[in-house]
Amino acid sequence: MLDDLHIHDFYRHAGRSLLALFSQFPVPATLYVEDIAGPDTPDAFGLHSPRHLACLGAMTWLQQSGYIGFSQLLRQEAIEKAVLSHRGFVLLTNTQAESGQSNAQLLSSAVSNGSSAKLQALMERLMREFAASGCSLCDH
């Protein structure tokens with residue numbers, strides 16, 4: 001498998017975004033890109049770094065894929081009134097029989113310990129679980 005840094009960054013940005021919204025649930029929150037991806041240094045023209053834009057892309061992908069909802073983008077700085085979807089919340093609260101931990105606890109550990117391989121494996125498993133739970137009523 002190719003060592004695609006942008007995919008590792010995607011998993012980290014998506015995981016941190018989900019955890020940030022889980023910690024606020026059910027209260028909608030403004031989620032700032034810099035809080036997820038770290039400080040940004042726009043170029044001389046005021047354009048954001050590729051990393052900043054990739055994080056914003058991960059946030060919008062989470063919405064388009066049904067993990068979260070938000071009311072609008074605040075320029076390229078944040079998403080406003082963001083909250084986990086019903087399916088996103090259920091996914092994170094599910095407990096894994098082998099560890100006895102919730103997916104949110106496992107994700108928090110994977111994000112904080114810095115292991116890209118562990119985070120990638122967990123995010124891929126969570127995405128498969130999410131896809132398998134496809135319930136059209138859960139997205140409302």
Side-chain angles (χ1 to χ4, degrees):
M1 183 169 149
L2 295 174
D3 186 30
D4 295 318
L5 182 59
H6 68 285
I7 298 300
H8 295 293
D9 284 346
F10 166 76
Y11 289 133
R12 185 157 310 282
H13 296 152
R16 293 189 74 195
S17 297
L18 291 170
L19 287 172
L21 295 177
F22 184 77
S23 72
Q24 300 276 340
F25 191 82
V27 179
T30 299
L31 194 57
Y32 290 91
V33 176
E34 284 196 356
D35 291 344
I36 302 300
D40 184 42
T41 308
D43 67 13
F45 300 103
L47 300 175
H48 291 288
S49 70
R51 184 179 196 99
H52 182 95
L53 295 175
C55 181
L56 183 62
M59 291 173 162
T60 57
W61 184 89
L62 287 170
Q63 180 204 33
Q64 293 165 350
S65 299
Y67 292 85
I68 68 172
F70 61 83
S71 64
Q72 67 181 357
L73 290 173
L74 296 177
R75 297 184 308 275
Q76 292 183 323
E77 310 298 324
I79 55 176
E80 189 172 58
K81 295 183 183 172
V83 67
L84 291 172
S85 68
H86 176 256
R87 286 177 59 208
F89 177 73
V90 169
L91 177 71
L92 292 177
T93 57
N94 281 343
T95 300
Q96 296 302 306
E98 59 276 6
S99 69
Q101 293 184 302
S102 71
N103 285 329
Q105 291 169 315
L106 294 170
L107 185 56
S108 179
S109 175
V111 165
S112 64
N113 82 9
S115 167
S116 291
K118 181 178 178 183
L119 178 59
Q120 179 173 342
L122 177 59
M123 287 297 292
E124 288 173 354
R125 182 178 59 75
L126 293 177
M127 288 180 188
R128 284 190 302 275
E129 282 182 30
F130 188 84
S133 73
C135 166
S136 61
L137 296 177
C138 297
D139 291 328
H140 299 289

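Shown here for Ala14 and Met123, the closest heavy-atom pair between the two residues is CB-CE, 3.7 Å. Residues Pro26 and Val83 share a closest heavy-atom pair of O-CG2, 3.7 Å. Here the shortest heavy-atom pairing between Ala58 and His13 reads CB-CB, 3.9 Å. When every heavy atom of Tyr32 is checked against every heavy atom of Ala78, the shortest pair comes out as CD2-CB, 3.6 Å. Ile36 and Cys55 get closest at one heavy-atom pair: CG2-SG, 3.5 Å.
Side-chain contact between Phe70 and Thr60: present, with at least one pair of heavy atoms (C-beta onward) separated by less than 4.5 Å. Taking 4.5 Å as the limit, every side-chain heavy atom of Arg16 sits out of range of all side-chain heavy atoms of Leu107. Put simply, the side chain of Lys118 reaches to within 4.5 Å of the side chain of Ser109, judged on heavy atoms. In this structure the side chain of Val33 never reaches within 4.5 angstrom of the side chain of Glu77, judged on heavy atoms. The shortest side-chain heavy-atom distance between Arg125 and Leu106 falls under the 4.5 Å cut-off. Using a 4.5 Å cut-off on side-chain heavy atoms (C-beta onward), Ile68 and Ser17 make no contact. Looking only at side-chain heavy atoms (C-beta outward), Asp40 and Arg51 stay at 4.5 Å or farther from each other.
In this structure, Leu91 CG and Asn103 CG are separated by 5.5 Å, a value rounded to the nearest 0.5 Å. Going from atom CG of Leu92 over to atom CG of Leu18 covers 5.5 Å, rounded to the nearest 0.5 Å. The structure places CD of Glu34 at 8.0 Å from NE2 of His48, a figure rounded to the nearest 0.5 Å. With rounding to the nearest 0.5 angstrom, the CZ atom of Phe22 is 12.0 Å from the CD atom of Gln24. Here CG of Leu31 is found 15.5 Å from NZ of Lys81. Values are rounded to the nearest 0.5 Å. Annotation: the span from Arg128 atom CZ to Glu124 atom CD amounts to 6.5 Å, rounded to 0.5 Å.
A chain of hydrophobic side-chain contacts below 4.5 Å, direct or via other Ile, Leu, Val, Met, Phe, Trp or Tyr residues, connects Ile7 to Met127.
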Under the side chain to side chain contact (heavy atoms under 4.5 Å, CB included) rule, what do Val111 and Leu119 come out as? Steps first, then yes or no, please. CA-CA 6 Å; Val111 165; Leu119 178 59; 3.9 Å; yes
Worked check of side chain to side chain contact (heavy atoms under 4.5 Å, CB included) between Val90 and Ser133: CA-CA 10 Å; Val90 169; Ser133 73; over 6 Å; no
Run the side chain to side chain contact (heavy atoms under 4.5 Å, CB included) test on Leu73 and Met59 for me, step by step, so that the C-alpha distance in whole Å, both residues' side-chain angles and the decisive distance to 0.1 Å come before the verdict. CA-CA 10 Å; Leu73 290 173; Met59 291 173 162; over 6 Å; no
Start with the C-alpha gap between Arg12 and Ser116, add the side-chain angles, then the distance that decides, and say whether side chain to side chain contact (heavy atoms under 4.5 Å, CB included) holds. CA-CA 8 Å; Arg12 185 157 310 282; Ser116 291; 4.0 Å; yes
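Ring geometry for Trp61 against Phe10 counts as perpendicular: the plane angle is over 60°, on a 0 to 90° scale with 30° as the lower cut.
Here the side chain of His52 pairs no donor or acceptor atom with the backbone of Pro42 at under 3.5 angstrom. Under the 3.5 Å distance criterion, the side-chain polar atoms of Ser85 are matched with a main-chain donor or acceptor of Tyr67.
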